[in-house]
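Data block below; observations after.
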2 protein chains.
Amino acid sequence: MNPSDKKPKRLSPEERKRRLLEKAIDYFSEEGFEGGTRELARQLGITQPLIYRYFSTKADLINEVYHAVYVSQWQESWAQNLQKRDRPVRDRLIEFYDGYTNAIFNRHWMRIFFFAGLKGLDINTRYIRRVSDHLLRPICREMRAELGFDVEKPLRQAEFDLVWMMHGLVFYQGIREHIYKVPYKVNHEFSIQIAVDMYITKSREVIEAALKDPAADLAPAASFIPEQLVQVAPDRI
Amino acid sequence: MNPSDKKPKRLSPEERKRRLLEKAIDYFSEEGFEGGTRELARQLGITQPLIYRYFSTKADLINEVYHAVYVSQWQESWAQNLQKRDRPVRDRLIEFYDGYTNAIFNRHWMRIFFFAGLKGLDINTRYIRRVSDHLLRPICREMRAELGFDVEKPLRQAEFDLVWMMHGLVFYQGIREHIYKVPYKVNHEFSIQIAVDMYITKSREVIEAALKDPAADLAPAASFIPEQLVQVAPDRI
DNA sequence: ATAGGTATTTATCACCTGATAAAAATATTC
DNA sequence: GAATATTTTTATCAGGTGATAAATACCTAT
């Protein structure tokens with residue numbers, strides 16, 4: 001046996017915790033949060049009680065998994081760059097979706113997102129609200145500004161639906177790739193381009209019709225709840 | 001108490017099994033397949049061992065849930081009507097998606113689909129293959145025929161991706177409504193119209209470019225496996 | 001009314017779950 | 001090299017799981 005293969009039986013707390021969290025992301029994104037701590041320990045080559053030296057409860061471990069996968073991946077620059085009016089909206093959107101899909105189109109992110117979504121966990125609803133409030137609503141404003149509509153008038157339902165359609169078209173390709181597991185490489189640049197073009201093309205008539213009709217539904221109000229991406233109610237795990 | 005409220009303590013096997021399956025659909029679509037048989041029984045007002053008089057194992061019960069939610073909802077007329085060339089493709093697509101979303105945009109279908117998808121269950125991959133082979137590929141043929149392209153030449157990747165984009169745009173609105181649980185009614189007719197228009201608008205240039213370039217990727221071959229929507233490998237539950 | 005049939009419950013099995021406490025193994029310090 | 005400190009394991013707990021067998025409660029036909 002290669003002498004360099006010798007792995008020390010004891011690790012520093014930092015290194016052990018790092019490996020534990022890394023494996024937990026892997027494991028829970030495959031098995032869901034019902035996955036057992038014993039099997040997780042087995043895959044790490046350690047015994048199950050050792051997990052509890054580094055995470056006080058299973059819920060605590062899962063919380064850190066969330067943080068690592070979701071929170072730390074969110075880029076504040078997304079919302080900032082989307083609102084820099086020195087370039088056409090189309091360019092900004094394509095650049096944004098290039099970065100966004102690059103951050104979230106991976107097996108860990110996609111699967112944990114849906115596991116959490118099906119469980120109705122806080123982190124998931126908060127994330128969707130964040131996408132809605134910090135990304136999609138600003139995009140609607142930018143679109144109005146570029147087309148010369150009044151930015152101050154309240155957002156209409158139809159405009160909001162339309163921007164969600166663009167978002168959904170892009171996002172669904174990630175679902176195909178990582179949830180459906182299609183047996184070939186999905187071309188994301190292509191779908192981003194199609195989605196953005198669809199949005200740009202349809203925006204004028206949708207905004208025009210929505211603003212003309214005083215009876216048209218308003219988009220639901222942005223959330224009042226001070227939203228963070230962090231907490232998970234422990235009893236939901 | 002209203003005398004008509006008196007419920008008999010014993011039911012006929014048919015009625016009991018019917019109620020059990022109905023509740024199981026409800027229960028597993030909320031909790032996922034890890035949901036316990038005791039809680040299921042509790043919600044039915046019966047004891048847990050009674051379940052095993054009507055379903056030999058939990059896997060057997062889940063299998064019947066699948067069948068009720070997926071298989072029995074599939075309409076053969078979808079594929080048939082899509083290929084009747086007496087009307088424009090646009091009309092056929094809109095009619096199809098009206099019927100399709102009407103069948104699958106409900107909490108049971110949507111949630112069970114993703115629970116099964118995350119577990120990698122056969123039923124789910126089979127379903128996706130069925131959508132691909134029986135719906136989306138025929139749509140691509142119809143589109144080529146309407147635009148006057150050669151229907152016999154093999155399907156290209158870009159055409160296939162494009163039809164999946166239309167499909168994804170529509171499907172994603174169901175995800176928003178039933179997985180994200182947005183707090184308002186999503187307008188499906190609107191998104192269907194946008195999706196179909198996007199597909200029709202982009203088809204000509206995509207097909208043209210794909211057929212012109214001899215190096216363009218082909219779409220993956222339709223599946224050879226004799227696909228059914230029925231079986232679930234018991235050991236995967 | 002009673003007897004037979006069967007739907008339903010009670011009691012129980014072996015196994016798995018997250019979590020805790022004490023013992024052991026390893027590394028570090030003097 | 002002995003003493004100390006800390007990582008890791010062993011042993012175990014209480015409670016939950018799917019499933020089975022035997023006992024019971026209910027309905028119906030006679």
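Only heavy atoms go into these numbers, but all of them, side chains included; no hydrogens, no water, no symmetry mates. Lettering of chains follows the sequences in order, A, B, ..., and the numbering in each one begins at 1. Please read these numbers as outputs of a predicted model, since none were measured by experiment.
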Mapping A:Ile46 and A:Arg38 to their closest nucleotides on DNA chain D, which lands nearer the 5' end? A:Ile46
[X] [atom1] to [N] [atom2]: how many Å, rounded?
X       : N      : atom1 : atom2 : answer
A:Arg10 : C:dT26 : CZ    : P     : 9 Å
A:Leu50 : C:dA21 : CG    : P     : 16 Å
B:Tyr52 : C:dT9  : OH    : C1'   : 16 Å
B:Glu34 : D:dG16 : CD    : C1'   : 14 Å
A:Gln48 : C:dC16 : CD    : C1'   : 11 Å
B:Arg42 : D:dG18 : CZ    : C1'   : 18 Å
A:Arg53 : C:dG18 : CZ    : C1'   : 18 Å
A:Leu61 : C:dT17 : CG    : P     : 15 Å

Could you check whether A:Thr57 gets within reach of a base, just the sugar-phosphate, or nothing at all, counting any heavy atom under 4.0 Å? sugar-phosphate
Within the 4.0 Å heavy-atom criterion, would you say A:Pro13 contacts the bases, only the backbone, or no part of the nucleic acid?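 Here A:Pro13 touches the backbone only, sparing every base.
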Just checking A:His188 against A:Tyr97, ring centres under 6.0 Å apart?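 Distance test on ring centres: not under 6.0 Å, no.
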Validation row, ring centre B:Tyr100 to ring centre B:His167 under 6.0 Å: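 Between B:Tyr100 and B:His167, the centre distance is under 6.0 Å.
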If the plane angle is over 60° it's perpendicular, under 30° parallel, otherwise tilted; pick one for B:Phe113 and B:Trp109.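 Parallel.
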For B:Lys181, is there any backbone N or O sitting under 3.5 Å from a side-chain donor or acceptor partner on B:Arg176?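 No; judged by distance alone, with no hydrogens or angles, the pair does not exist.
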Checking contacts here: which listed nucleotide ([options]) is nearest the side-chain heavy atoms of [X]?
X       : options               : result
B:Thr37 : D:dG18, C:dA19, C:dA7 : D:dG18
B:Leu11 : C:dG18, D:dA5, C:dT8  : C:dT8
A:Thr47 : D:dG18, C:dT8, D:dT9  : D:dT9

If the cut-off is 4.0 Å, is A:Tyr54 near the phosphate of D:dT8, judged by side-chain N/O to OP1 or OP2?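 Answer yes for this pair, as a side-chain N or O of A:Tyr54 is under 4.0 Å from OP1 or OP2.
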Identify which one of B:Trp74, B:Phe33, B:Phe115, B:Phe28 satisfies the ring pair (Phe, Tyr, Trp, His ring centres under 6.0 Å) criterion when paired with B:Tyr66. B:Phe33
State whether the distance check finds a donor on one side and an acceptor on the other, under 3.5 Å, for side chain A:Arg16 versus base D:dT7. no
